[in-house]
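Encoded as structure tokens, the structure appears first; notes follow it.
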Protein chains: 2
Amino acid sequence: MVDAVGRQQRKKQLTRLALVDAAVRLFTERGYERTTVADIAEAADVSARTFFLHFPTKEDVLLADTAGRLDRGVDVIAGRDPASTPAEVLAETIDVMITDAWAGDLHTGLAALRARLVIDTPAVQAHLLQNGFAAQTRIATALHEAYRDRIDEVTAAAIVGALMGAVAAAAVTALRRGDPPDGVRAAMRRAAAIAMRAVDNDL
Amino acid sequence: MVDAVGRQQRKKQLTRLALVDAAVRLFTERGYERTTVADIAEAADVSARTFFLHFPTKEDVLLADTAGRLDRGVDVIAGRDPASTPAEVLAETIDVMITDAWAGDLHTGLAALRARLVIDTPAVQAHLLQNGFAAQTRIATALHEAYRDRIDEVTAAAIVGALMGAVAAAAVTALRRGDPPDGVRAAMRRAAAIAMRAVDNDL
DNA sequence: TGCTTTACTGCAGTGAATGAAGTAGTGCAT
DNA sequence: ATGCACTACTTCATTCACTGCAGTAAAGCA
């Protein structure tokens with residue numbers, strides 16, 4: 001047994017990586033709008049059609065690394081200490097996700113690129129917001145499932161929405177202002193703390 | 001002088017109305033994706049090119065009536081009683097906007113259609129989220145300007161983000177659950193109340 | 001009556017995304 | 001090893017949102 005996964009899977013991951021790599025490079029060089037999917041595919045030396053076998057849309061190549069992050073957030077809630085309160089669990093969840101967001105992809109430079117593109121490319125902003133909203137929905141569902149007797153569906157959505165909304169808005173504002181990465185993260189944590197006050201009171 | 005506005009302006013508004021009308025009807029009949037811009041223009045008896053003179057994108061026809069709503073929210077903050085606290089002003093702002101959302105377009109059926117499309121059409125959801133985010137940014141800026149000495153830029157963004165995030169998430173959750181319009185509005189108000197607890201503490 | 005402005009048209013083109021049919025490398029069974 | 005199924009990928013064609021440009025005709029105005 002040479003490898004856990006076969007040659008086929010490995011090659012697939014290689015072309016996927018090549019696509020992400022080419023996309024990051026080209027987006028950085030010429031900007032998002034002035035880079036076509038055909039360009040990316042060409043640079044990765046695959047057909048244009050292949051791009052869409054790996055990513056459903058052009059924007060999704062920017063989210064290549066975020067799949068697992070959400071799961072980790074959900075896991076925090078699912079694997080909670082039964083004695084802990086919703087407020088404690090939520091605080092830890094948001095903390096894990098904020099930390100993860102900056103730790104995950106220092107290699108690829110994806111996070112930095114995303115940050116820049118979110119600010120000045122409407123299409124990207126729209127898609128990322130949608131993605132975040134979907135993530136938020138999953139977290140809210142997990143919270144509701146975890147405390148089924150104490151937190152109803154809509155309340156869970158409201159609480160998680162407040163948290164994520166505050167963090168997202170603070171992050172974009174800090175980014176737009178030109179804050180350095182550390183400053184942005186600090187803004188996110190502060191926003192989370194503010195929003196958590198809505199929860200702390202009675203959960 | 002026959003009219004306050006000329007014949008030209010009136011005719012323009014007529015084709016705009018015809019476009020919105022055709023869009024609402026066709027979206028309702030066949031769904032969003034299965035309706036092309038060409039279809040809408042045809043039904044409104046104008047050229048396809050004309051559609052884009054009135055609306056920048058296909059999704060924007062769904063936002064035909066929301067332009068003024070945001071201004072009204074901003075106005076509440078701008079025209080505040082100087083003696084009132086940020087918490088009071090914010091509470092009134094969100095209340096005005098929630099109320100407006102229902103009063104504005106009961107006639108056109110736009111609100112109901114939007115509600116349905118946001119839930120099951122990803123493209124629409126992305127665009128509306130982006131629109132809401134932009135609105136939120138304007139409110140946050142207005143709040144910061146109004147209390148320049150007490151609330152910094154990022155804090156304003158966090159507070160408003162928490163409010164809007166909570167309300168939006170609650171609305172979608174209630175809609176998805178199949179709540180009637182009244183139930184949805186109640187969910188939004190409850191979400192706003194929850195998020196306001198983050199503000200009430202020290203503003 | 002002329003001159004400018006503006007709502008609208010027609011057309012040609014870009015680029016994202018999808019569908020269908022086909023090729024080639026890979027893994028696996030006998 | 002040979003045949004077979006699977007899968008990543010390609011190629012071609014098509015749809016559709018959206019843009020730029022060159023026009024027409026009506027509207028407003030001198």
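Every chain is numbered from 1 and lettered A, B, ... according to where its sequence line falls, protein lines coming before strand lines.
Phosphate proximity of C:dC8 to B:Thr50: absent, as no side-chain N or O sits under 4.0 Å from OP1 or OP2. Using a 4.0 Å cut-off, some side-chain N or O of B:His54 falls inside it from OP1 or OP2 of C:dC8. A:Lys11 has a side-chain polar atom (N or O) that falls below the 4.0 Å cut-off from OP1 or OP2 of C:dT26.
Between B:Asp45 atom CG and C:dA7 atom P the separation is 18 Å, expressed in whole Å. Summarising the geometry, the separation between CG on B:Leu14 and C1' on D:dA27 is reported as 15 Å, rounded to the nearest angstrom. The separation between B:Lys12 atom NZ and D:dA26 atom P is 18 Å, rounded to whole Å. As rounded to whole Å, 10 Å separates atom P of D:dT11 from atom CD of A:Glu42. If you take CG of B:Leu19 and P of D:dC18, they are 14 Å apart, rounded to a whole angstrom.
The cationic group of A:Arg114 does not satisfy the cation-pi geometry with A:Phe27, failing either the under 6.0 Å distance to the six-membered ring centre or the 45° limit from the ring axis. Judged by the 6.0 Å and 45° rule, B:Arg116 forms no cation-pi pair with B:Tyr32.
Nearest to the side chain of B:Val37, among C:dG10, D:dC9, D:dA17, sits D:dA17. Comparing atom distances between the A:Phe52 side chain and each of C:dA17, C:dA20, D:dA8 picks out C:dA17 as nearest. The nucleotide whose nearest atom lies closest to any side-chain atom of A:Arg49 is, among D:dC18, D:dT10, C:dT26, D:dT10. Picking from D:dC21, C:dC8, D:dT7 the nucleotide with the shortest atom distance to the side chain of B:Leu53 gives C:dC8. In this structure, of D:dT7, C:dA17, D:dC18, it is C:dA17 that holds the atom nearest to the side chain of A:Thr57. For B:Glu59, the side-chain atoms get nearest to D:dC18 when compared with the rest of C:dA7, D:dC21, D:dC18. Of the candidate nucleotides C:dC8, C:dG10, D:dA17, C:dC8 has the atom nearest to the side chain of B:Thr15.
Each of A:Arg7 and B:Ala48 was assigned the nucleotide of DNA chain C with the nearest heavy atom; the assignment lying further toward the 5' end belongs to B:Ala48.
At a threshold of 4.0 Å, the pair B:Asp71-B:Arg138 counts as salt-bridged, since one of the basic side-chain nitrogens sits closer than that to a carboxylate oxygen.
Going from atom CE of A:Met97 over to atom CE of A:Met164 covers 4.5 Å, rounded to the nearest 0.5 Å.
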- prompt: Can you list the steps and then say if B:Phe133 with A:Val172 is a side chain to side chain contact (heavy atoms under 4.5 Å, CB included)?
  reply: CA-CA 10 Å; B:Phe133 195 78; A:Val172 168; 3.8 Å; yes

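A:Thr36 comes within contact range of the sugar-phosphate backbone alone, with a heavy-atom separation under 4.0 Å but no base atom that close.
If you check distances only, the side chain of A:Arg34 never reaches the base of C:dG15 with a donor-acceptor pair under 3.5 Å.
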